[in-house]
Amino acid sequence: MKSKKGFYWFILICLANLPLGIYAQNKSVLNSGWQFRQVGTAKWNAATVPGEVHTDLLNNKLIPDPFYRDNEKKLQWIEKKNWEYKTSFSVNPSILKQKQVELVFDGLDTYADVYLNNQLVLKADNMFRQWRVAVKKYLRPGQNKLTVVFQSAQNKVDSLAKQDLPFVIPDNPRVYVRKAQYHFGWDWGPKFTTCGIWKAVRLESYDKKAPEKVYSPTRKIELVQQPDSLGKSFYFKIDGKPVYMKGANYIPSDAFLSRVTKKEYEKIIKMAKDANMNMLRVWGGGIYEDDYFYDLCDKYGINVWQDFMFAGTMVPGDKAFFDNVKEEVKYQVKRLRHHPSIVLWCGNNESDEAFKNWGWQKSMNMSKQDSTRLWKDYVRLFQDSIPKWVKETDQSRPYISSSPLFGWGRKKSITEGDSHYWGTWWGLEDIEKVKDKTGRFVSEYGMQAMPNYTTIEKMSLPEDRYLFSGVLKGHQKAGNGFGKLNSYLNRYFIDSTKIKKMRVEDYTYLTQCLQYYSLKNIIGIHRSKAPYNMGTLVWQLNDCWPAVSWSVTDYYNRQPKAAWYAVKEAYRDDVIAQIDLTHPKDLVLEDPEISWKIKGNEITLKAMKSAKYVYVKIKGYKGKLSDNYIDLSAGEEKRISFEGKMMQPVVTVMSLYDVLHRYQ
């Protein structure tokens with residue numbers, strides 16, 4: 001009886017494994033042995049795949065650090081050149097016995113001609129698509145040569161835009177190419193228009209292709225947009241329960257994507273989790289992130305608002321562009337739809353608002369005919385085509401065509417849909433104005449601050465560290481950015497007449513205090529208006545290089561800026577949202593006489609008199625403190641812990657009094 005039972009189990013196991021034999025597939029990774037050169041030159045240099053030309057040039061010491069000082073503008077020549085990559089690989093004869101062999105590129109950036117044994121096998125033109133090509137007839141036993149030639153994306157888009165004249169698609173030729181739009185520069189990032197094999201390469205061989213996995217959502221998601229007495233709601237229901245979303249906007253974590261390792265993803269997603277966030281919006285000018293990004297969001301219970309990769313422009317309307325985007329959308333939705341963290345697909349970032357509110361028609365002297373054509377192509381892509389393509393591959397999630405539908409200067413932006421409220425900052429409105437301008441779901445808002453001073457030290461020379469040096473201006477990409485910062489500092493912290501006299505280190509501290517004060521109060525206002533308001537997403541969580549920006553974390557080591565601690569506190573579920581309506585400038589501050597001591601991995605602070613924005617700095621420390629930029633009452637003790645152990649740490653403690661007192 002026992003042996004008979006064992007026999008039945010053996011048969012069942014064999015039957016269960018039959019499909020694996022039928023669909024047996026061999027995968028050979030081709031990421032090693034690559035070299036690169038500028039097209040037309042003789043010398044080949046070692047290349048890293050996945051990677052991009054800028055990092056390959058840097059690794060070979062052919063260019064200086066692109067992020068250091070003003071090197072960005074010195075390296076613009078790279079994007080105007082064409083670049084060639086090559087490797088060789090051996091093919092096992094058993095692979096050639098299988099019916100099908102495919103060469104697979106998970107990511108080519110962007111205009112790429114692929115040659116296998118000197119035969120053109122693929123012409124790629126989309127950074128966001130996986131490219132597969134049948135290559136069995138081109139392969140031979142033993143050594144095979146693989147070459148990829150990249151054309152300059154900048155030259156290509158300039159050429160395409162020129163061909164369309166006098167018709168102009170606002171606001172940048174970048175729209176012609178399906179490539180990360182931030183590579184062409186943004187108001188927080190550098191202009192490094194890269195090229196390269198930015199994801200894995202492999203050979204796949206099989207006799208019969210495995211069937212596509214059946215997609216079964218686990219995961220009921222509703223976006224509730226119902227008319228009410230005040231306008232129209234905008235909130236998420238997950239498994240039938242309304243969820244107040246607290247989070248931030250996520251941009252790519254590096255200007256050079258190959259440098260965003262799993263470790264880097266873990267750092268930045270953990271920063272979101274530790275700041276009590278439950279949503280990240282993947283912004284439409286970057287990339288569809290690596291699977292590991294979404295794995296981490298799944299793990300930590302962080303909901304993802306996923307933009308498609310369009311930002312702040314209109315689009316070409318030709319068939320080739322639409323066909324290209326269709327393949328991109330279908331591939332990316334199929335790739336990502338199994339992640340329960342994704343709760344929304346969004347067509348684009350700010351394109352609808354831009355067309356209606358940014359004055360393109362007037363500034364570009366646009367004819368009515370051209371304006372109508374642009375709008376029709378926009379509607380056809382974002383309101384007709386993409387939602388149809390999404391529904392074909394994922395029927396379980398809501399879709400919206402654009403974020404937002406109404407610009408921040410329009411009344412409806414407060415009563416309907418999601419809102420990008422930039423009256424604060426771009427509109428130079430007081431922070432308190434948010435009380436009257438809180439939308440149903442505020443998906444963008446923010447305040448700038450300098451990066452951490454250790455970052456300024458890393459990206460500059462001592463002679464660069466004065467206000468407002470050319471090097472500092474080179475890392476401030478926002479229009480009149482320092483002017484806006486100074487306007488807010490003058491209102492809330494210190495008279496503008498004193499700013500020019502400041503040390504950069506003090507200026508850095510004050511801008512970070514300003515960002516802390518701004519976000520703490522804005523979040524408090526938003527949360528106090530629930531359930532009218534059901535979401536608040538700070539712009540932005542992270543930086544892609546060392547910069548003066550709206551980020552609440554620093555580029556180097558993903559260390560927190562002051563505002564990260566404000567967000568962490570303001571997003572707590574166990575506290576009532578607190579609003580400070582006293583301006584720090586109006587406080588009467590005395591020397592708090594702060595003392596401190598260290599025991600183990602804890603620093604105990606004590607102030608003899610009340611202290612504001614007490615900042616603890618540990619020299620050489622690359623982690624995050626449990627708290628920072630704290631307020632202390634007279635006689636109060638506060639314990640702050642740091643990660644790991646340090647031998648005789650060098651600690652500096654300062655408060656708002658210390659900085660303001662220097663400039664009285």
Side-chain angles (χ1 to χ4, degrees), residues 110 125-126 153-189 191 193 283-286 307-326 328 346-387 400-413 416-423 425-428 444 477-480:
T110 295
D125 61 354
N126 189 325
Q154 186 65 63
N155 291 347
K156 184 72 172 177
V157 298
D158 289 343
S159 174
L160 290 170
K162 191 174 181 180
Q163 290 173 30
D164 263 355
L165 291 174
F167 177 70
V168 176
I169 301 177
D171 66 333
N172 192 299
R174 62 183 166 82
V175 70
Y176 285 91
V177 61
R178 295 310 300 141
K179 173 176 172 60
Q181 300 287 277
Y182 83 110
H183 283 165
F184 294 87
W186 220 263
D187 57 9
W188 37 255
K191 187 179 192 301
T193 311
W283 171 76
D307 281 1
F308 288 100
M309 292 302 118
F310 299 88
T313 59
M314 304 309 279
V315 292
D318 59 279
K319 184 178 184 299
F321 185 86
F322 270 60
D323 288 347
N324 201 351
V325 173
K326 180 180 181 179
E328 169 190 323
C346 176
N348 67 71
N349 170 76
E350 294 185 349
S351 297
D352 193 298
E353 174 193 1
F355 185 80
K356 294 173 181 174
N357 296 339
W358 291 3
W360 283 335
Q361 290 84 348
K362 185 177 180 180
S363 65
M364 303 177 75
N365 197 25
M366 196 180 294
S367 70
K368 185 176 181 181
Q369 182 180 358
D370 285 354
S371 180
T372 301
R373 173 181 164 185
L374 282 168
W375 182 245
K376 283 185 176 178
D377 289 340
Y378 171 89
V379 169
R380 191 158 55 91
L381 184 62
F382 295 108
Q383 296 179 18
D384 300 335
S385 300
I386 291 182
I400 60 173
S401 61
S402 185
S403 174
L405 278 181
F406 305 104
W408 58 264
R410 303 296 176 101
K411 187 178 179 180
K412 280 190 174 181
S413 72
E416 295 185 25
D418 70 309
S419 168
H420 292 190
Y421 189 68
W422 286 109
W425 182 259
W426 288 114
L428 285 175
E444 277 193 25
K477 298 297 185 180
N480 192 28

*Asp418 to Pro404 - nearest heavy-atom pair and separation*: O-CB, 3.2 Å
_Stepwise side chain to side chain contact (heavy atoms under 4.5 Å, CB included) check, Lys156 with Val177_ = CA-CA 8 Å; Lys156 184 72 172 177; Val177 61; over 6 Å; no
*Show your working on side chain to side chain contact (heavy atoms under 4.5 Å, CB included) between Leu374 and Phe167 and close with a plain yes or no.*
CA-CA 10 Å; Leu374 282 168; Phe167 177 70; 3.7 Å; yes
*Flag the pair Phe184 / Gln154 as yes when at least one side-chain heavy-atom distance between them is below 4.5 Å, and no otherwise.*
yes
*Between Ser385 and Arg380, is there a donor-acceptor pair closer than 3.5 Å when you use the side chain of the first and the backbone of the second?*
yes
*In Å and rounded to the nearest 0.5 Å, what is the CE to CZ distance from Met314 to Arg373?*
12.0 Å
*How are the rings of Phe382 and Tyr378 set to each other: parallel, tilted or perpendicular (split at 30° and 60°)?*
tilted
*asked:* So which atom in Ala354 and which in Trp360 form the shortest heavy-atom distance, rounded to 0.1 Å?
replied: CB-CH2, 3.3 Å
*Determine the interplanar angle of the Tyr421 and Trp408 rings, folded into 0 to 90°, and report it as parallel if under 30°, tilted if 30 to 60°, perpendicular if over 60°.*
perpendicular
_Pair His420-Glu350, side-chain donor/acceptor within less than 3.5 Å_ = yes
*Check the side chains of Asp171 and Thr313 for a donor-acceptor pair under 3.5 angstrom, ignoring hydrogens and angles.*
no
_Gap between atom NZ of Lys326 and atom CD1 of Ile386 - 0.5 Å precision_ = 12.5 Å
_Candidate pair Ser403 and Asn349, rule side-chain hydrogen bond (donor to acceptor under 3.5 Å, both in side chains), full reasoning_ = CA-CA 5 Å; Ser403 174; Asn349 170 76; 5.4 Å; no
*Less than 6.0 Å separating the ring centroids of Trp186 and Trp283?*
yes
*Roughly how far apart are Leu160 CG and Ile169 CD1, rounded to 0.5 Å?*
9.5 Å
*Quick check: are there more than 12 heavy atoms from other residues, nucleotides or ligands sitting under 6.0 Å from NZ of Lys191?*
yes
*Taking Asp318 for its side chain and Phe321 for its backbone only, find out whether a donor-acceptor pair lies under 3.5 Å.*
yes
*asked:* Under the criterion side chain to side chain contact (heavy atoms under 4.5 Å, CB included), I'd like the reasoning laid out for Arg178 against Val325: C-alpha separation, chi angles, the key distance, then a yes or no.
replied: CA-CA 8 Å; Arg178 295 310 300 141; Val325 173; 4.0 Å; yes
_Atom of Phe355, atom of Gln361 and distance for their closest heavy-atom approach_ = O-NE2, 3.1 Å
*Closest contact, heavy atoms only, Leu381 versus Pro387*: O-CD, 4.2 Å
*Look at the side chain of Gln181 and the backbone N and O of Lys179, then say whether any donor-acceptor pair between them is shorter than 3.5 Å.*
yes
*Enter the distance from Ile400:CD1 to Asp307:CG here, rounded to the nearest 0.5 Å.*
8.0 Å
*Could you tell me which non-hydrogen atom of Met366 sits nearest to which non-hydrogen atom of Pro170, and how far apart they are?*
CE-CG, 4.2 Å
*Got Asp352 and Trp375 here, is their nearest side-chain heavy-atom distance under 4.5 Å?*
yes
*Short side-chain donor-acceptor distance under 3.5 Å, Glu328 and Asn324*: no
*Of all heavy-atom pairs between Ala311 and Arg174, which one has the smallest distance, and what is that distance?*
O-NH1, 3.1 Å
*Hey, mind stepping through Arg410 and Leu405 against side chain to side chain contact (heavy atoms under 4.5 Å, CB included) and telling me if it holds?*
CA-CA 10 Å; Arg410 303 296 176 101; Leu405 278 181; over 6 Å; no
*asked:* Let me confirm one number: the OG-CE distance from Ser371 to Met364, rounded to the nearest 0.5 Å.
replied: 11.0 Å
*Without swapping roles, check the side chain of Thr372 against the backbone of Lys368 for a donor-acceptor pair under 3.5 Å.*
yes
